[in-house]
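Notes follow once the structure below has been shown.
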Amino acid sequence: MSMETAIAEKAADRAGLRIPAHLAVIMDGNGRWAKARGKQRTEGHLEGVKALRRLISLCIRYGVEHVTVFSFSSENWSRPRDEVNFIFGLLHRFVASDLATLLHNNVRVRIIGSRDGLDDGLRRLIDDVEVKTALNTGLELIVAFNYGGKSEIVEASRRLAQAVAAGRMKPEDIDEATFERALYTSGVPDPDLIIRTSGEQRFSNFLLWQGAYSELVFIEENWPDFGEETFLRALEEYSGRKRRFGGIETRSP
Ligand code: FPP
């Protein structure tokens, strides 16, 4: 056991919590956080980045292995152009300002979503951060950017259909395992827990396939107010859940 894992397990033990191997988060409410304070929406997104840093460090401390965050949905293109540009700029700035810290903390980064509609600079940035962190063995940070669950399923279907048309696969080879390998999240276990902030109780096209048996926890606070207290509250709720995965025998998370 590595020193990092041992420390993480101690922290979780102390708090008496079960830790999800894969935690997914819908970071909602940046705009409302800003509006409530008479600020611009963009200020809410800037505070959202700070909350994202807190989430990453909490995941490292408590021994979460994979964390997926919803940072730009394929439906978010309908927002005002300036706001879309600002969020795209945030991804650039986040990578520029945090890559060294991510490397230092042994974090591997994967960015999932459609690359269509992203400019060349952003594509290069995504490739670069993935390549530079690929050999890290600690927390895997999965950023869903320009992501939509339905289009992920459609893309996977198209990929499998192409493999069949090319004679590399037979229709009867398509099963849940081959389908999962065609998704953006290939090789990542399904999320055990999905947290959504800001009181909204919807999936909003996030991890539709992968979330089939995830536990859901909804938090009233807006995303910029997320911190250790809200993280622990969500984990406490998750720790009390009985997961049955469609069966009748109870299995704890
Ligand atoms: C949801 O709040 C937030 C977003 C759509 C953008 C999320 C961006 C971050 C949290 C920063 C991290 C981003 C990157 C790229 C690293 P909202 O705008 O939907 O809030 P509202 O529902 O109150 O309007």
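Bear in mind that the values here come from a model prediction, so they are computed numbers and not experimental data. Atoms within each ligand, like the ligands themselves, are counted from 1 in listed order.
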In Å, rounded to the nearest 0.5 Å, how long is the span from CG of L193 to CZ of R241? 8.0 Å
Can you check whether D28 has an N/O within less than 3.5 Å of an N/O in ligand 1? yes
Return the residue, atom name and 0.1 Å-rounded distance of the protein heavy atom closest to atom 1 (C) of ligand 1. M27 O, 3.1 Å
Looking at atom 12 (C) of ligand 1, what's its closest protein heavy atom, distance included? V49 CG2, 3.8 Å
Take a 6.0 Å sphere around CD of E176 and say whether it holds more than 12 heavy atoms from other residues, nucleotides or ligands. no
Heavy-atom gap R79 to ligand 1 smaller than 4.0 Å: yes
So, 4.0 Å and heavy atoms of R41: is ligand 1 close enough to count as a contact? yes
Considering only non-hydrogen protein atoms, determine which one is nearest to atom 9 (C) of ligand 1 and report residue, atom name and distance to 0.1 Å. N30 ND2, 3.7 Å
In short, side chain to side chain donor-acceptor pair (under 3.5 Å) pairs touching residues 85-94 with sequence neighbours left out are R81-N85
Looking only at protein heavy atoms, which one is nearest to atom 4 (C) of ligand 1, and how far off is it? H45 CE1, 3.9 Å
SB check K50 E47 (cutoff 4.0 Å): yes
Would you mind listing which atoms of ligand 1 come within a distance below 4.0 Å of any non-hydrogen atom of N76? 5 (C)
Those atoms of ligand 1 less than 4.0 Å from some heavy atom in R32: 21 (P), 22 (O), 23 (O)
Judging by distance only, is a nitrogen or oxygen of W33 under 3.5 angstrom from one on ligand 1? no
Do D192 and E215 have side chains that get closer than 4.5 Å, going by heavy atoms? no
Go through ligand 1 atom by atom and flag the ones less than 4.0 Å from a non-hydrogen atom of W223. 10 (C)
Is it true that a side-chain atom of R37 and a backbone atom of W33 form a donor plus acceptor pair closer than 3.5 Å? yes
Interatomic spacing from CD in Q210 to CD1 in I112 - rounded to 0.5 Å: 7.0 Å
Considering only protein heavy atoms, which is closest to atom 13 (C) of ligand 1, and at what distance to one decimal place? S71 CB, 3.9 Å
Who else is in the cluster with V131 when I, L, V, M, F, W and Y are joined by side-chain contacts under 4.5 Å? none
Are E236 and R18 ion-paired here, with the side-chain N under 4.0 Å from a carboxylate O? no
Return yes or no for this condition: an N or O of G31 is under 3.5 Å from an N or O of ligand 1. yes
Within a distance under 4.0 Å of any heavy atom of L91, pick out the atoms of ligand 1 and give their elements. 15 (C)
